[in-house]
Amino acid sequence: MRATVLVRPKPGILDPQGEAVESSLRQLGFAVQEARVGRVVDLELGDGDPNQAKADLERMCEQLLANPLIESYEITVSRG
Amino acid sequence: MSTEPRPRIAVVVFPGSNDDRDAALALEGLGAEPTLVWHAEPTLPDVAAVVLPGGFSYGDYLRCGAIARFAPVMDSVSRFAAHGGLVLGICNGFQVLCEAGLLPGALRPNASLSFVCRDVDLLVERADTSFTSRCEPGRRLTIPVKHGEGCYFADGPLLARLEANRQIALRYEDNPNGSIGDIAAVTNEAGNVFGLMPHPEHAVDPQLGSTHGADILGSLVDAARERVPVPA
């Protein structure tokens, strides 16, 4: 079982990294209106109970992978 | 020589801390007995206060302070704080305290994306804390900052709470990092945990340009002297 966690700065949170990327893309001539930069965490979880894995992933996000005050997260679990 | 008792103050050393010895030297000069405590220690020794110093704990991977908050000694630091023990976080130490939930808010990359390393002027808003008692409200302190991620963030309700509880202790006169409300230092609700981005330990000698940092660390030493060690 594999999981991918996407962590994003919450809407309204200042994202200077995203702003820098946005202005560089504009300089390259792309019509970009906004860029936000987050983080991807890929996890290999072995063959456990998928429901337990989902519950664990929620706790991983709350405790470490994201800071709930400033970041939102999205978990995707896939077999293989 | 002063015959006043020298309160024992722990300075926690994480892998990647780099201001631990400066903090210890400054505290010693101000009359404390600093003791360096390695992050892997299961408990704190008997101390009257704890300092989490500046640096780049655990490489600042994931988010600044996010990994350090799980260091073995941090359970003991949390218990110490919960029992009313005095805890000061400087720069990376401030980030660790926010990540650990011992202080409210979070620290984000500077709005400019530039690392800032210069003296900044701060205005004292609270002079009635254990960390600012040598100051007066409205006093201007000149203390250096050196950080890439010092942009303090609190959402609307939290900011309103901080203002209402008077938990904002210091504000920048000329905001170097985009912090909301020009916030440079906050305390917890009880007032025994304090975090700031500027480095008081780098401003304790006239040869360093300012001695205003001694007013912060000296306040802590005064308060620590009043306290018997808190069991952690």
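So that the names make sense, note that chain A is the first sequence line, chain B the second, and so on, each numbered from 1.
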Got A/Arg39 and B/Leu62 here, is their nearest side-chain heavy-atom distance under 4.5 Å?
yes
dist A/Ile13:CD1 -> B/Cys151:SG (nearest 0.5 Å) comes out at 9.0 Å
How long is the gap from CG on A/Leu69 to CD on B/Glu99, to the nearest 0.5 Å?
9.5 Å
Part of A/Glu71 within contact of chain B (heavy atom distance under 4.5 Å):
side chain
Taking atom CZ of B/Phe70 as the centre, does the number of heavy atoms from other residues, nucleotides or ligands within less than 6.0 Å exceed 12?
yes
Closest heavy-atom pair, A/Pro16 versus B/Pro109, reported as atoms and distance to 0.1 Å, is CG-O, 3.8 Å
Can you find a pair of side-chain heavy atoms, one from B/Arg69 and one from A/Leu64, that are under 4.5 Å apart?
no
Within a 6.0 Å radius of atom CZ on A/Arg26, are there more than 12 heavy atoms belonging to other residues, nucleotides or ligands?
yes
With chain A, which of B/Ala106, B/Cys98, B/Ala154, B/Gly101 has the greatest number of heavy-atom pairs at distances under 4.5 Å?
B/Ala106
Within 6.0 angstrom of A/Asp49 CG, more than 12 heavy atoms from elsewhere
yes
For a 4.5 angstrom cut-off between non-hydrogen side-chain atoms, does B/Arg108 reach A/Leu14?
no
